[in-house]
Amino acid sequence: MTDAVARIHAAFADAGVTGRLHAVGIDSGAQLDAGADRPVCTASVHKLCLLVTLHEHAAAGRLDLTEQVECPPEGRAAGPTGLAAMLDAARLSLRDLAFLMITVSDNTAADLLLRRVGLDAVNATTARLGLTRTRAVHSFGEMLATIKEDAGPGGARALADPHVVTRLRALDPARTNRSTPRDMTRLLGAVWRDEACTPEHGAAMRRILGLQVWPHRLASGFPFDDVHVAGKTGSLPTVRNEVGVVEYPDGGRYAVAVFTRTAHTAAVLPAADAVIGTAARIAVDALRAEELRTG
């Protein structure tokens with residue numbers, strides 16, 4: 001595994017990012033650690049924790065996933081996708097809000113769900129699952145509000161200034177929603193083994209995660225029709241993350257969590273996106289080789 005870790009760090013360096021990664025065979029337990037216990041800001045990856053909490057509550061009978069939620073146009077969390085970008089009033093079920101939250105990372109949908117279950121419930125769920133380094137401290141709308149406040153009067157244009165970016169609370173794991181790569185692969189493993197929830201709800205979560213629309217990060221490392229990738233991205237200024245599960249036709253299942261930072265403030269950095277897939281592929285190939293070696 002040592003060679004694979006060195007190759008992963010080299011790939012991060014070539015792409016101009018610092019990266020943290022953990023990968024684990026969901027069934028074998030074989031694992032690869034490249035900064036797996038370093039605290040990271042999760043950004044929208046934390047929506048996975050909210051998804052699990054929602055389904056845990058549904059399985060316990062505390063809510064009905066078909067429950068309808070009103071979404072007026074006023075007061076929506078900002079964002080470029082889903083309800084966050086729409087202009088008119090809408091009414092959706094909790095499960096359809098979860099679909100938008102995961103597949104297109106809709107911030108408004110996420111905050112409507114968070115309003116329904118509560119921040120404390122999300123933290124209780126992650127604690128129950130043993131994610132001791134994972135904590136939600138604010139909603140997604142509140143997180144974006146800190147960026148606006150910290151950017152100051154220059155607004156979004158100020159985020160092109162590296163000095164402004166360094167003061168953003170949303171990028172400091174001590175002051176924002178946070179986790180570690182190892183905690184995130186532990187959560188994914190629990191979802192895929194039906195330990196996070198009942199099998200019915202586990203299947204529902206896996207379905208939604210498999211419908212995420214972004215192919216340019218984790219999935220880019222596995223361009224095969226018979227390899228299935230399901231996951232959740234997260235993005236903030238200088239931050240590009242994704243956690244997910246890679247499933248092979250021979251039954252191999254691998255949870256991977258990749259968190260990256262770059263000094264560049266550009267919103268479009270294809271190399272920084274693609275290295276998530278590159279690093280994940282190196283890690284999964286190493287895990288599969290280790291499983292073959294140990295039988």
Side-chain angles (χ1 to χ4, degrees), residues 1-26 28-45 133 162 165-166 171-173 178-189 212 214-224 227-248 252-294:
M1 295 287 184
T2 304
D3 178 64
V5 171
R7 290 171 60 207
I8 287 167
H9 284 305
F12 285 148
D14 287 345
V17 307
T18 56
R20 318 294 181 203
L21 177 148
H22 189 248
V24 61
I26 288 175
S28 70
Q31 60 180 305
L32 187 147
D33 176 344
D37 297 309
R38 295 292 295 270
V40 291
C41 61
T42 46
S44 285
V45 163
R133 307 287 297 280
V165 170
T166 60
L171 304 183
D172 180 359
R178 59 187 175 267
S179 187
T180 65
R182 193 187 305 275
D183 265 13
M184 286 295 100
T185 59
R186 182 170 186 167
L187 179 57
L188 289 165
Q212 180 184 234
W214 318 123
H216 58 305
R217 291 186 182 169
L218 185 61
S220 70
F222 304 90
F224 314 109
V227 176
H228 181 64
V229 179
K232 182 70 197 78
T233 61
S235 306
L236 285 171
T238 72
V239 165
R240 290 162 178 82
N241 306 327
E242 186 160 0
V243 305
V245 171
V246 182
E247 298 180 87
Y248 280 74
R253 307 186 297 175
Y254 307 91
V256 187
V258 188
F259 294 83
T260 74
R261 288 284 305 270
T262 177
H264 299 287
T265 59
V268 179
L269 286 173
D273 288 316
V275 76
I276 292 175
T278 300
R281 176 69 181 277
I282 293 169
V284 171
D285 282 352
L287 293 179
R288 288 175 66 77
E290 177 68 12
E291 290 171 346
L292 186 63
R293 187 186 67 81
T294 59

Kindly give the heavy-atom pair with the smallest separation between C41 and P173, and that separation in Å.
N-CG, 3.8 Å
Would you say that S179 contacts M184 through its side chain, given a criterion of any heavy-atom pair below 4.5 Å between the two side chains?
yes
Is it the case that the side chain of T180 and the backbone of D183 share a donor-acceptor pair, with hydrogens and angles ignored and the cut-off at 3.5 Å?
yes
Minimum heavy-atom separation for L218 and A280, please, with both atom names.
CD1-CB, 3.2 Å
Can you tell me how far the NE2 atom of H264 sits from the OG1 atom of T238, to the nearest 0.5 Å?
11.0 Å
Short question: side chain of T262, backbone of G16 - any donor-acceptor pair under 3.5 Å?
yes
Between atom CZ of R38 and atom CZ of R133, what is the distance when rounded to the nearest 0.5 Å?
10.0 Å
Heavy-atom closest pair, residues P223 and S220
CD-O, 3.9 Å
Provide the closest heavy-atom pair for H9 versus A34 in the form atom of the first, atom of the second, distance.
NE2-CB, 4.0 Å
Here the salt bridge (Lys or Arg N to Asp or Glu O under 4.0 Å) pairs for residues 258-273, sequence neighbours left out, are R217-D273, R240-D273
Ignoring hydrogens and angles, tell me if any N or O in the side chain of E242 forms a donor-acceptor pair with the backbone of G231 under 3.5 Å.
no
Here the salt bridge (Lys or Arg N to Asp or Glu O under 4.0 Å) pairs for residues 277-291, sequence neighbours left out, are D250-R288, R281-D285, E290-R293
Closest heavy-atom pair and its distance - S235, A43:
N-CB, 3.8 Å
CZ on F222 to OH on Y248, rounded to 0.5 Å
5.0 Å
Compare all side-chain heavy atoms of V5 with those of D33 and state whether any distance is below 4.5 angstrom.
no
Looking only at heavy atoms, which two atoms of A23 and V256 are closest? And how far apart?
CB-CG2, 4.1 Å
Find out whether L21 and P181 are in side-chain contact, i.e. whether some heavy atom of one side chain is under 4.5 Å from a heavy atom of the other.
no
Going from CZ on R182 to CD on Q31, what distance comes out if it is rounded to the nearest 0.5 angstrom?
5.0 Å
Rounded to the nearest 0.5 Å, how far apart are CD1 of I276 and CZ of F12?
8.0 Å
Within a strict 4.5 Å, meaning less than it, do heavy atoms of the L32 and Y254 side chains meet?
no
Set of salt bridge (charged side-chain N to carboxylate O under 4.0 Å, His left out) partners for R253, sequence neighbours left out:
D27
Rounded to the nearest 0.5 angstrom, the OG1-CG distance for T260 and N241 is 6.0 Å
